[in-house]
Amino acid sequence: MVGLHSWRGPLYINVTAFAKNELVTRCIEYYSTDHDSHRRCSLIPLSQHVSTTVSLEAHSKMARQWLNYCLQHHDVHLCPANTHQRLPTRVICVGSPGSSPFLHEPCNGERGCWVALSYRWGRQNSSTTLKNLREKKEGFDLEQLPKTIRDAVVVTRGLGVQYLWVDAICIVQNEETPWIWKREAAEMCSVYENALLTIAAIDNEHSDTGLSSIDPRRQAVQLDLKSSYIPAMSIFARQSHALGYYGFMSSGRQNIHHSYGFGDSALGLLDNRGWTLQEITLSPRILWFSTCELGFSCPAGRVCECQREFNHSKVPIKKSFNHVRRNHPELHVQTLVDSVPRRPTIHDPELQGGSSQTWMIHWLDIVEDFTARNLTRATDRLPALHGLITAIQKRIGGECVAGLWVSDLPRQLLWHAADVGRVPVDMNACYPEYAPSWSWASVLRAITWTEHTEREMAWTIVSSHFTASDNYVLGSGTGSIIIRGYVLPALVEGLILYSRDKIDVFARYDTQVKLDGRADCYLWDHLKKKVLFIMVAELARVEHDTGTNTWTKYTATALLLEPVSQMAETFRRLGLVDHVDLGNWGAWRPSLLERTITLT
């Protein structure tokens with residue numbers, strides 16, 4: 001099957017065929033390197049060839065030109081220079097070619113600039129420990145480093161920057177003294193936010209992969225277009241790819257049907273790792289190394305090998321794919337990919353000077369993105385966002401407890417877990433000692449939020465209390481929230497959630513009841529053995545008019561609760577119930593008394 005398209009200008013062809021008993025679609029894009037051909041056929045975009053050999057020297061030279069352009073021409077309020085910042089606790093002094101790099105520990109508030117690295121660890125045998133710290137400060141052989149880190153040293157030298165920060169080398173990794181790692185992890189915000197630039201190894205499987213490798217899609221073929229009817233044109237064809245999605249691709253051309261879109265991440269392997277979300281989001285500039293091409297992005301623009309002039313067009317901040325699919329199911333995948341052309345960072349103009357509400361909306365997207373990623377340790381679920389929490393607090397203040405912002409608790413409590421039918425390795429790894437039941441961090445699931453624009457809050461947050469278990473990293477601990485609102489007894493029979501007297505049907509399992517998925521509550525049958533309540537959080541009033549008859553119906557979003565201590569009115573959360581049918585709520589609501597409960 002062959003499909004010919006001209007979508008938003010560029011001409012491309014989708015070719016679908018069977019390969020190894022699987023239906024595979026590839027996108028072929030056409031381009032020209034000369035203006036004459038482009039003028040004769042506007043559907044053929046101007047572009048540049050992408051290098052077909054890996055040369056860190058050539059890439060470093062190109063990246064240095066982009067970096068210098070950004071420093072010299074972009075507004076400093078958009079793209080902070082970061083050339084005279086207080087150095088992190090440790091940095092690698094990269095030296096010059098022929099010299100050995102060494103670990104440098106600044107003193108007396110020493111200042112300078114550095115490049116940071118965002119990559120996947122995988123196999124890692126070169127970490128700094130208390131035993132080899134002195135040795136690394138004296139110097140180490142470049143060839144002994146994993147290839148990705150070794151390449152990052154070479155690129156940093158090529159950029160003309162003295163220091164490089166790599167977590168495995170610059171943070172002491174020691175199981176006997178975990179407090180050292182925790183103290184340094186708490187400084188992650190400063191490291192990436194104040195870096196001159198972050199190198200992102202997109203397709204890096206592990207630390208020995210290297211920054212860049214050759215992908216067959218780099219190859220271009222010149223087309224022979226000779227005809228007495230068509231003037232000679234210089235046109236090339238190459239396979240497109242999905243990487244335009246995240247930012248440096250100026251043209252937005254991508255293989256929109258590739259499995260990246262809704263299978264593996266469009267950002268490559270790097271986007272599957274939990275820790276890298278804050279690394280990328282905090283960074284003012286990013287140098288993207290992929291198998292397809294080299295790219296550069298900053299708050300003011302983006303540029304890449306195939307489009308070597310900065311694109312300064314204002315493109316909207318990315319909303320997560322989950323958000324777009326949930327709220328715009330009618331959109332075709334082409335529109336989805338095209339509508340999210342770059343990733344947000346805390347430096348984006350849309351966020352700078354934004355209200356607390358703007359930042360809170362952004363936070364919900366961050367958590368959705370983050371919880372869909374992988375973490376080696378479940379207990380990193382909150383520390384891996386500590387840098388972002390710190391950065392947001394610097395801008396709007398406020399308190400974040402167990403991953404939820406106190407100022408926005410009425411809304412942020414309305415999260416729900418995905419893939420509850422899938423049983424994780426350790427369902428109670430994050431509960432109850434790690435996080436309270438009302439926190440999304442208490443479950444090892446991808447998280448999303450209910451979004452209703454025309455509903456009123458039916459509960460009131462009276463107070464919140466949280467005791468952190470760690471002095472160095474914002475995150476884990478125990479806590480409670482006191483809430484005042486309407487609490488209704490409920491029971492489960494069959495696949496229906498009833499009121500306790502079975503007069504009203506509150507919800508049905510298949511579409512409305514979303515369990516949190518802990519070990520004792522991830523199957524519907526588990527609810528049949530529990531004493532249940534729902535607490536009404538949001539209310540919507542819907543007027544129905546048939547022309548001869550009118551009536552009012554109420555629906556709600558509620559938390560599904562289980563009593564922990566009935567005497568003390570203490571409950572724990574089991575899940576979220578959406579579109580609760582409260583029927584003629586307006587008539588029987590006055591007979592109810594609000595209750596003040598404690599949620600743990």
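Everything quoted here is computed from the prediction, not taken from an experiment.
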Nearest heavy-atom approach of Cys79 to Arg285 is O-NH2, 3.3 Å
| query | Between Val580 and Thr557, does a side-chain contact (heavy atoms from CB on, under 4.5 Å) hold up when you go through it step by step? | reply | CA-CA 6 Å; Val580 180; Thr557 303; over 6 Å; no
Less than 4.0 Å between a side-chain N and a carboxylate O, is that true for Arg373 and Asp380?
no
query: Hey, are the side chains of Leu409 and Ser464 touching, using non-hydrogen atoms and a 4.5 Å cut-off?
result: yes
Margin query: Quick one, Val577 with Leu559, criterion side-chain contact (heavy atoms from CB on, under 4.5 Å). Give me CA distance, side-chain angles, the key distance, then yes/no.
Written below: CA-CA 6 Å; Val577 189; Leu559 293 188; over 6 Å; no
Distance col, row Met360:CE vs Trp405:CH2, nearest 0.5 angstrom, shows 5.0 Å
I'd like to check Ile171 versus Trp165 (side-chain heavy atoms, cut-off strictly below 4.5 Å). Are they in contact? yes
Are Glu193 and Lys394 within salt-bridge range, i.e. N to O under 4.0 Å?
yes
Between the CD1 atom in Ile483 and the CE atom in Met535, the distance rounded to the nearest 0.5 Å is 5.0 Å
- Query: With no hydrogens and no angle check, do the side chains of Thr358 and Ser355 hold a donor and an acceptor under 3.5 Å apart?
  - Reply: yes
*Dump the intermediate steps for side-chain contact (heavy atoms from CB on, under 4.5 Å) on Arg572 and Leu561, then the final yes or no.*
CA-CA 6 Å; Arg572 74 169 181 131; Leu561 306 177; over 6 Å; no
- Does the side chain of Trp415 come within less than 4.5 Å of Leu576's, by heavy atoms? no
Side chains of Trp440 and Thr371: donor-acceptor distance under 3.5 Å anywhere? no
Whether Tyr192 side chain and Leu117 backbone form a donor-acceptor pair below 3.5 Å:
yes
For Arg445 and Ala372, indicate whether the former's side chain and the latter's backbone hold a donor-acceptor pair under 3.5 Å. no
Between Trp121 and Asp167, is there a side-chain donor-acceptor contact under 3.5 Å, judged purely by atom types and distance? yes
So Ser469 and Ser476, side chain to side chain donor-acceptor pair (under 3.5 Å) or not? Walk me through it. CA-CA 6 Å; Ser469 60; Ser476 63; 2.7 Å; yes
Taken to the nearest 0.5 Å, the spacing of Leu375 CG from Asn272 CG works out to 11.5 Å
When rounded to the nearest 0.5 Å, the distance separating CD1 of Ile280 from CD1 of Ile286 is 4.5 Å
Could you tell me whether a side-chain N or O of Glu293 sits under 3.5 Å from a main-chain N or O of Val50, the two making a donor and an acceptor? no
field: Pair Glu279-Ser118, side-chain donor/acceptor within less than 3.5 Å
entry: yes
Check whether any side-chain heavy atom of Arg120 sits under 4.5 Å from a side-chain heavy atom of Thr276, and report yes or no.
-> no
Discussion item. The test is side chain to side chain donor-acceptor pair (under 3.5 Å); show your working for Thr376 and Arg273 and say whether it passes.
Written reply: CA-CA 9 Å; Thr376 303; Arg273 180 177 171 240; over 6 Å; no
CD1 (Ile481) and OG1 (Thr600) are apart, to the nearest 0.5 Å, by 10.0 Å
Between Leu527 and Leu532 the two heavy atoms that sit nearest each other are O-CD1, 3.8 Å
To the nearest 0.5 Å, atom SG of Cys298 lies from atom CG of Leu287 at 12.0 Å
For Phe370 and Leu277, the nearest pair of non-hydrogen atoms, with its separation, is CB-CD2, 3.4 Å
Quiz item: Looking at side-chain heavy atoms only, is the closest gap between Thr209 and Asp151 below 4.5 Å?
Solution: no
Tightest non-hydrogen contact, residues Gly403 and Gln412, listed as O-OE1, 4.1 Å
Q) Under 4.5 Å between any side-chain heavy atoms of Ser127 and Ile169, yes or no? A) no
Shortest non-hydrogen pair, Leu414 vs Ala537, comes out as CD2-CB, 3.6 Å
query = Tell me, do Tyr119 and Val166 make a side-chain contact under 4.5 Å, heavy atoms counted?
reply = yes
| request: May I ask you to test the Ile361-Trp449 pair for a side-chain heavy-atom distance under 4.5 Å? | output: no
Closest non-hydrogen atoms of Trp288 and Ser297, given as atom of the first, atom of the second and distance, are NE1-OG, 2.9 Å
**Pair His59 + Phe289: ring centers closer than 6.0 Å** = yes
Practice problem: Could you give me the CA-CA distance, side-chain angles and deciding distance for Gln278 and Met188, then say whether side-chain contact (heavy atoms from CB on, under 4.5 Å) is met? | Solution: CA-CA 9 Å; Gln278 72 171 3; Met188 206 72 84; 3.4 Å; yes
